Amino acid sequence: VQLVESGGGSVQAGGSLRLSCAASGRTSSAYVMGWFRQPPGKEREFVAFIGSNDGMISYADSVKGRFAISRDDAKNTVYLQMNSLKPEETAVYYCAASNKMLSTPAAYIYWGQGTQVTVSS
């Protein structure tokens, strides 16, 4: 599975962005799809995941109520709508695929190259 993220960019605090993750190769519908982010100089951290069959969703506490993950299996695409963005959320955002509904990066098999999100104050 190849994953390609898009939709990153620069936005002011309080603004919104919508990230997309397009999958090719094996269909993404078979996988749990997750979003992670890595701020400058910090470790990669969990943002959200969405299950494959039941669509179960989980969010990091820090993004609950502001971010929304969704998937369109017909398009092999996963989305992350990000609202009310904060400067500390400046990071490279990664899309990843897993066979397990876990929030740890080690559980994810396939990764995209990432897309930069910069939030200015």
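From a predicted model like this one, the values you see are computed outputs, not experimental measurements.
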Val11 and Thr118: CA distance, side-chain angles, deciding distance, side-chain contact (heavy atoms from CB on, under 4.5 Å) verdict: CA-CA 6 Å; Val11 65; Thr118 301; over 6 Å; no
Step-by-step side-chain contact (heavy atoms from CB on, under 4.5 Å) determination, Gln81 to Ser16: CA-CA 7 Å; Gln81 177 67 43; Ser16 298; 3.9 Å; yes
Answer whether the closest heavy-atom distance between the side chains of [X] and [Y] falls below 4.5 Å.
X	Y	value
Ile69	Val78	yes
Tyr31	Tyr110	yes
Thr90	Val117	no
Pro39	Glu88	no
Asn99	Ile109	yes
Met82	Leu80	yes

Check: Thr77/Asp72 side-chain N/O donor and acceptor closer than 3.5 Å: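 No pair is found: no donor N or O on one side chain lies under 3.5 Å from an acceptor on the other.
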side-chain contact (heavy atoms from CB on, under 4.5 Å) assessment of Glu45 paired with Gln38: CA-CA 6 Å; Glu45 62 184 28; Gln38 188 162 15; over 6 Å; no
Cation-pi, Tyr79 ring and Arg71 (6.0 angstrom, 45 degrees):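 No, Arg71 does not sit over the ring of Tyr79.
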Look at Glu43 together with Arg37 and state whether they make a salt bridge at an N to O cut-off of under 4.0 Å.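 Between Arg37 and Glu43 there is no salt bridge, as every charged N stays at least 4.0 Å from the carboxylate O atoms.
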Hey, mind stepping through Phe49 and Tyr108 against ring-ring contact (aromatic ring centres under 6.0 Å, His included) and telling me if it holds? CA-CA 11 Å; Phe49 72 66; Tyr108 287 74; 7.4 Å; no
If the plane angle is over 60° it's perpendicular, under 30° parallel, otherwise tilted; pick one for Phe36 and Trp111.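 Aromatic pair Phe36/Trp111 classed tilted.
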Classify the angle between the aromatic ring planes of Phe67 and Tyr93 as parallel (below 30°), tilted (30 to 60°) or perpendicular (above 60°).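 Because their plane-to-plane angle lies in the 30° to 60° range, the rings of Phe67 and Tyr93 count as tilted.
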If you take all heavy atoms of Gly114 and Glu5, which pair is closest and at what distance?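 Nearest pair, atom of Gly114 first, then Glu5: N-OE1, 2.8 Å.
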Please evaluate residues Ser120 and Gln12 with respect to the criterion side-chain hydrogen bond (donor to acceptor under 3.5 Å, both in side chains), reporting the C-alpha separation (whole Å), side-chain torsions for both, the decisive distance (0.1 Å), and the verdict. CA-CA 5 Å; Ser120 59; Gln12 289 191 330; 4.9 Å; no
Drop me the distance from Ser52's OG to Lys100's NZ, to the nearest 0.5 angstrom.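 That separation rounds to 14.0 Å.
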Test Gln113 against Val92 for side-chain contact (heavy atoms from CB on, under 4.5 Å), laying out the working first. CA-CA 9 Å; Gln113 292 301 307; Val92 177; over 6 Å; no
